[in-house]
Structure formats: C-alpha cells, structure tokens
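What you see below is based on every heavy atom in this structure, not just the backbone, and it leaves out hydrogens, waters and symmetry mates.
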Amino acid sequence: MDDHAAAPTTPTTPALASAVEVPSRRRLRAEVLIVLGLSLGYYAITAALRLVERYLAEPSIGQQTSQLNPSRSQIDYIDLILQVVRQFYLLVPVALVLFLLSAGGKSALRRLGITGHEHSAWRDLGMGLVLAAAIGLPGLVLYAVGRAIGQTVRIDTSGLPDAWWTATILLFSAAVAGVLEETIAVGYLVTRLQDMRWSATGAIVASALLRGAYHLYQGWPMALGNVVMGLVFAWYFHRTGRLGPLIIAHWTLDAVSFIGPELVPEEWLVELGVA
C-alpha cells in the first residue's frame, strides 16, 4: 500500500481561504461595536451625558470650563509617569484596530494609507499642514462665536504643572489624540462600514457624527464644527485612501492649541475667551 495515498489531506479551497479572510457582516458589526465601546464610542456617550449635565448645572455652560490635560498627581515624577502611562493606554485601541485590519496577512498600515509608495512622506506632511490651516482658522472663529453666545465652555488646554516635562507631554498627548481619533473614527470606521457594504456617503456621515458626538462636552457649537471637520477628513480618506495627512493635521491642530496659550499674548487669549 502506498503510504502517500493514505496520508490525510487538508482542504485548502479558495472559497474557504476567502471565508477566513473576510468576516461576515454580522461579525464585522460586532467587531465595530466592540472597538467603539472600548474607545471613541464610550467617549461619545459620556460627552453627551456631560453636555446634559452642563445645561442642568450652575453656572451656565458659557461660564464653565473643560480641562483637556489635567494633572494626575501632586508629586511631580508620579504625575509624569501617570501621564505617559495614560497616553500609551489610549493607544491600545489603535493596536487592536491594526491587528484586526491585518487579518489574512494584509498590511493594516498600508491599507490605511499610513505607509506605501503611493505618496511620499513630504507630500503627506504638506497636505496635513494645509488641512490643519483650512480647519484650524475657521475653528478659532467658531470657538470665539460659541463663547460669545454663551454656548461653548472655556477650554483649558493644560492643567499640568510648570515642569520641565510639560511641553513634551502636551506634544505627546496631541500626537496620541491624532493617531487615536483619525485611526478609529476615520480609517477603521470608514473601512469597516464599507466592508459591510455601506455606501461611501453613509460611512463618511457616520464618521463625522461620531467625531461630533465625542466633542459634545465642549458645547453644541464645537460639536457641530467637529462634524464639519469629520466630513472633510472622512471624504479625504475615501478619495485618497491616505490617513497619514489626517494624523499630521490633527496633531498640528492639537499641538498649537495645547502649546499656543503659553506663547500667545495674554490679551489675545482674553479676547478669545480662553484666558
């Protein structure tokens, strides 16, 4: 008897391989809910509740303050360690998303347009700065208008102590926010919704609404402004397949807002309602 003929075989049909690589719509739906529940979806729910609380509380919402980078300890070096640990913790959902999108041997970074030879790093940097300017300047006007009508909270971008590491942590925090929000709210969500056969328009709108929702704690004008930003960013990703410029743009916007108050004259901040 031929030993080779008796050896068991494992079916490796293309259909089976495809079924392993492409999850069902039901599984994708569950995956999206889990990812959002661990990250921006949770922030969206708590931001909506915070907005309700702001309208019910005293003083009025226009007299309230939201601190984006609070101190986490009165002991300097413990505060530094806690700040670093928190930023790496915020990147865990990003690692999960990259793991999920790399199923089947695909490159998640290439799929999201973060790496690849299609565009150079310099081109991504240039486009990111253009997007930051296009979003940032109207954003300042919207913030000033929201403050003027008493519907936007005063945003305190840093509650950190005046320590040697403060600027570095603020820039790191800006980078993490850019990576977290753009990877999940745009790259991952738009990609997965289209995998679930959503239309491009539906995926773009869903991404934008999510972005607006987790900014509700700042007041409805800023949430609305973030919806507009979300529409622009999601549309750009759909058209180009490149997430890199969006991360750069977001980091630039947050870096300026976190560090800017330390550099801008006090009277300017008073006029904008920031000081």
Handout entry: Residue pairs fulfilling ring pair (Phe, Tyr, Trp, His ring centres under 6.0 Å) with at least one residue in residues 50-74, sequence neighbours excluded
Key = none
Problem - Partners passing side chain to side chain contact (heavy atoms under 4.5 Å, CB included) against Tyr89 (at least two apart in sequence or in another chain) - result: none
Handout entry: Listed partners of Arg50 passing salt bridge (charged side-chain N to carboxylate O under 4.0 Å, His left out), at least two apart
Key = Glu53
Problem - Pairs involving residues 168-221, ordered by first then second residue, that meet ring pair (Phe, Tyr, Trp, His ring centres under 6.0 Å) (sequence neighbours left out) - result: Phe88-Phe172
Problem - Full working for side chain to side chain contact (heavy atoms under 4.5 Å, CB included) between Leu131 and Met127 - result: CA-CA 6 Å; Leu131 286 170; Met127 193 63 216; 4.0 Å; yes
Handout entry: Arg154 (side chain) donor-acceptor with Gln63 (main chain) under 3.5 angstrom
Key = no
Practice task
Kindly say whether Met222 contributes a backbone atom to a donor-acceptor pair with the side chain of Gln151 at under 3.5 angstrom?
Solution key: no
Problem - Non-neighbouring partners of Ile45 that pass side chain to side chain contact (heavy atoms under 4.5 Å, CB included), sequence neighbours left out - result: Leu49
Practice task
Sequence neighbours left out, what passes side-chain hydrogen bond (donor to acceptor under 3.5 Å, both in side chains) with Asn69? Give chain and number order.
Solution key: Ser173
Handout entry: Tyr43 to Leu90 - nearest heavy-atom pair and separation
Key = OH-CD2, 3.3 Å
Exercise for the section: List for me each residue that meets side chain to side chain contact (heavy atoms under 4.5 Å, CB included) alongside Ala200, sequence neighbours excluded, and say none if there are none. Expected result: Gln194, His238
Completion exercise
Scanning both residues in full, the closest heavy-atom pair of Glu182 with Leu243 reads O-CD1, 3.4 Å
Problem - Exam field: side chain Ser66 to backbone Gln218, donor-acceptor pair closer than 3.5 Å - result: no
Handout entry: Side-chain donor or acceptor of Arg242 paired with backbone N/O of Gly113 under 3.5 Å
Key = yes
Problem - Heavy-atom pair of closest approach, residues Ser207 and Leu189 - result: CA-CD2, 3.9 Å
Exercise for the section: State which residues pass side-chain hydrogen bond (donor to acceptor under 3.5 Å, both in side chains) with Thr201; sequence neighbours excluded, sorted by chain then number. Expected result: none
Exercise for the section: Indicate whether the side chain of Ser71 and that of Asp79 have a donor and an acceptor atom separated by less than 3.5 Å. Expected result: yes
Practice task
Applying salt bridge (charged side-chain N to carboxylate O under 4.0 Å, His left out), name anything that partners Asp76, two or more places apart in sequence or on another chain.
Solution key: none
Exercise for the section: May I ask you to decide if Thr115's main-chain N or O and Arg110's side chain share a donor-acceptor pair within less than 3.5 Å? Expected result: no
Practice task
Begin from the C-alpha positions of Leu98 and Leu112 and carry the test side chain to side chain contact (heavy atoms under 4.5 Å, CB included) through to its verdict.
Solution key: CA-CA 9 Å; Leu98 296 179; Leu112 293 177; 3.9 Å; yes
Practice task
List in chain and number order the residues that pass salt bridge (charged side-chain N to carboxylate O under 4.0 Å, His left out) with Arg54, two or more places apart in sequence or in another chain; answer none if no residue qualifies.
Solution key: none
Practice task
Determine, for Lys106 against Asp195, whether the closest basic-nitrogen to carboxylate-oxygen distance falls under 4.0 angstrom.
Solution key: no
Problem - Those residues that, when tested against Ala175, pass side chain to side chain contact (heavy atoms under 4.5 Å, CB included) (two or more places apart) - result: Trp251
Fill in the blank from the handout: By side-chain hydrogen bond (donor to acceptor under 3.5 Å, both in side chains), Thr183 pairs with (sequence neighbours left out) none
